[in-house]
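The next block holds one structure in the form of structure tokens; read it before the comments.
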Amino acid sequence: MGGDRQQRFDPRGQGFRSLAPVADVLARIDATVGPLGVEPVRLADAAGRVLAAETRAAADIPPFDRSAMDGFAVRGRDVQAAGPEAPAALRVIGEARPGRPFSGVVGPGEAVDITTGAPLPAGADAVVRVEATVAAAGLVRVVEPTPVGRHVGRRGEDIAAGTVVLRAGRVLRPQDLGALSALGRAEVPVVRRPAVAVVITGDELLPPGTPAVDSRIADTNSVMLMALIARDGGLARVVGPVRDDRATLRDAIAAAARSADAVLVSGGSSTGAEDHAPGIVADLGTLEFHGVALRPASPAGLGRIGEVPVVLLPGNPVSCLCAYDFFAGRVVRRLGGRASGWSYVACRARLARPIASAVDRVDYVRVLLADGRAEPITSGGASILSSATRADGFLVVPADVPGLAAGDEVVVWRYDPPVGATVS
Ligand code: AMP
Ligand code: MG
């Protein structure tokens, strides 16, 4: 358990005797959650997956010397002194095309009509580009000096045999798949995608996208969490909404822990009469943290059932998002072999207004961005999801900072990467 807990009053953590420092929870996640096993995937399915093993080139790419131009394969000695005043006339003895090499040998005074990518014929050591030639019946006149080696792509110039091309942990990009294909890999070893069970709790909840009926409201958290989990490389499965009944919820959480690599529980994570999740995790496994010095997500928790990490997320939608960003997302990314840090793009901005924060508490503050200034959105508490939909991103006030002043430079994590950003 964490060392020095926050003892001061927190309006959203008042049922907790103490709140764990965010850093302690993160450190516990990092110490206990690591990449899952490896599985092979076909190259066509590998984009965005995490490469599990270093890839070394077994052979040279390209595997032969090749022409880099459309023109004529020649012996450089024949044409190194050629020019408009002294053209070199060569006899054209054949053609070389990609996949259809010339099988003969280019001798002195000879040339082979060649196109880009075709293997350089034996005997040739340079390519004269077609623009530097004048065709004549059976002959080609070279009018540009072309030394040995000109316009020849050497075997292994792209990737030399033995080179490390991609390192383990790489999130595979489209061009990486191309390189792997060139290396002759039809399948690649990748880290297994974490199966994440999302247990949604709340008697008041209707299925997502359902109009509210009386005091019953649509579940907002499952769809939000599914999208976040998918973004972080996980495979989400939603359980529920599950009633706020201890036995029912216990069964649901136990079953989820048997069939998933991680369990997230939304709602019922605090200290009230209907908050069964912490006790259930403590019963079925270990509740490592309950109550975190993080606004607006103090009723968050972390535990494990067997080897399966369980993250307790407050039901309030903004709290749920915040606790996912800090804890659950990290668990998902680490299980999947990804970098622990946020998937958000950071930018710098000047704070438009001061932000008050308690020492020892981390604050997750939604902001609007305009003209390089970050405007905190103060009109939204933990239950106001629209504060997060309006926001361009969020900033974090660290635990050791009592607050920020107007004009302070801050780092803003953008919910969306800037589209069409200009390079500056
Ligand atoms: P809880 O954390 O279960 O005490 O819930 C705190 C608040 O968040 C209550 O107003 C709940 O109605 C609301 N809430 C809990 N879960 C969800 C959910 N999945 N979708 C929308 N609101 C929720
Ligand atoms: Mg609830």
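Counting convention: from 1, in listed order, for ligands and their atoms alike. All residue numbers refer to positions in the sequence shown, counting from 1.
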Is a side-chain N or O of [X] found less than 3.5 angstrom from the main chain of [Y], in a donor-acceptor match?
| X | Y | value |
| --- | --- | --- |
| Thr163 | Val165 | no |
| Ser357 | Ile355 | no |
| Asp261 | Ala195 | yes |
| Arg353 | Pro376 | yes |

Output yes when [X] and [Y] qualify as a salt bridge under the 4.0 Å nitrogen-oxygen rule, no when they do not.
| X | Y | answer |
| --- | --- | --- |
| Arg390 | Glu375 | no |
| Asp158 | Arg66 | no |
| Asp65 | Arg154 | yes |

Among protein heavy atoms, which lies nearest [atom], and at what distance?
| atom | answer |
| --- | --- |
| atom 21 (C) of ligand 1 | Thr220 OG1, 3.1 Å |
| atom 12 (O) of ligand 1 | Glu204 OE2, 2.5 Å |
| atom 19 (N) of ligand 1 | Asp219 OD1, 2.9 Å |
| atom 4 (O) of ligand 1 | Asp275 OD1, 3.9 Å |
| atom 18 (C) of ligand 1 | Asn221 ND2, 3.4 Å |

Hey, does [X] come in under 3.5 Å of ligand 1, counting only N/O atoms on both sides?
| X | answer |
| --- | --- |
| Gly315 | yes |
| Gly268 | yes |
| Ser269 | no |
| Ser222 | no |

(request) Decide if the gap between the ring center of Phe394 and the ring center of Tyr344 is smaller than 6.0 angstrom. (result)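 Under 6.0 Å, so yes.
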
(message) Distance under 4.0 Å to a non-hydrogen atom of Ala218: what atoms of ligand 1 satisfy this?
(response) 20 (N), 21 (C)

(request) Give the numbers and elements of all ligand 1 atoms closer than 4.0 Å to a heavy atom of Asn316. (result)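 Near Asn316, meaning under 4.0 Å from one of its heavy atoms, ligand 1 has 6 (C), 7 (C), 8 (O).
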
(request) For a side chain to side chain contact (heavy atoms under 4.5 Å, CB included) with Arg330, tell me which candidate from Leu26, Val25, Val33 qualifies. (result) Leu26

(request) Tell me, please: is Ile217 in heavy-atom contact with ligand 1, that is, under 4.0 Å? (result) yes

(request) Check if Gly202 has a non-hydrogen atom at a distance under 4.0 Å from any atom of ligand 1. (result)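 Under 4.0 Å: no for Gly202.
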
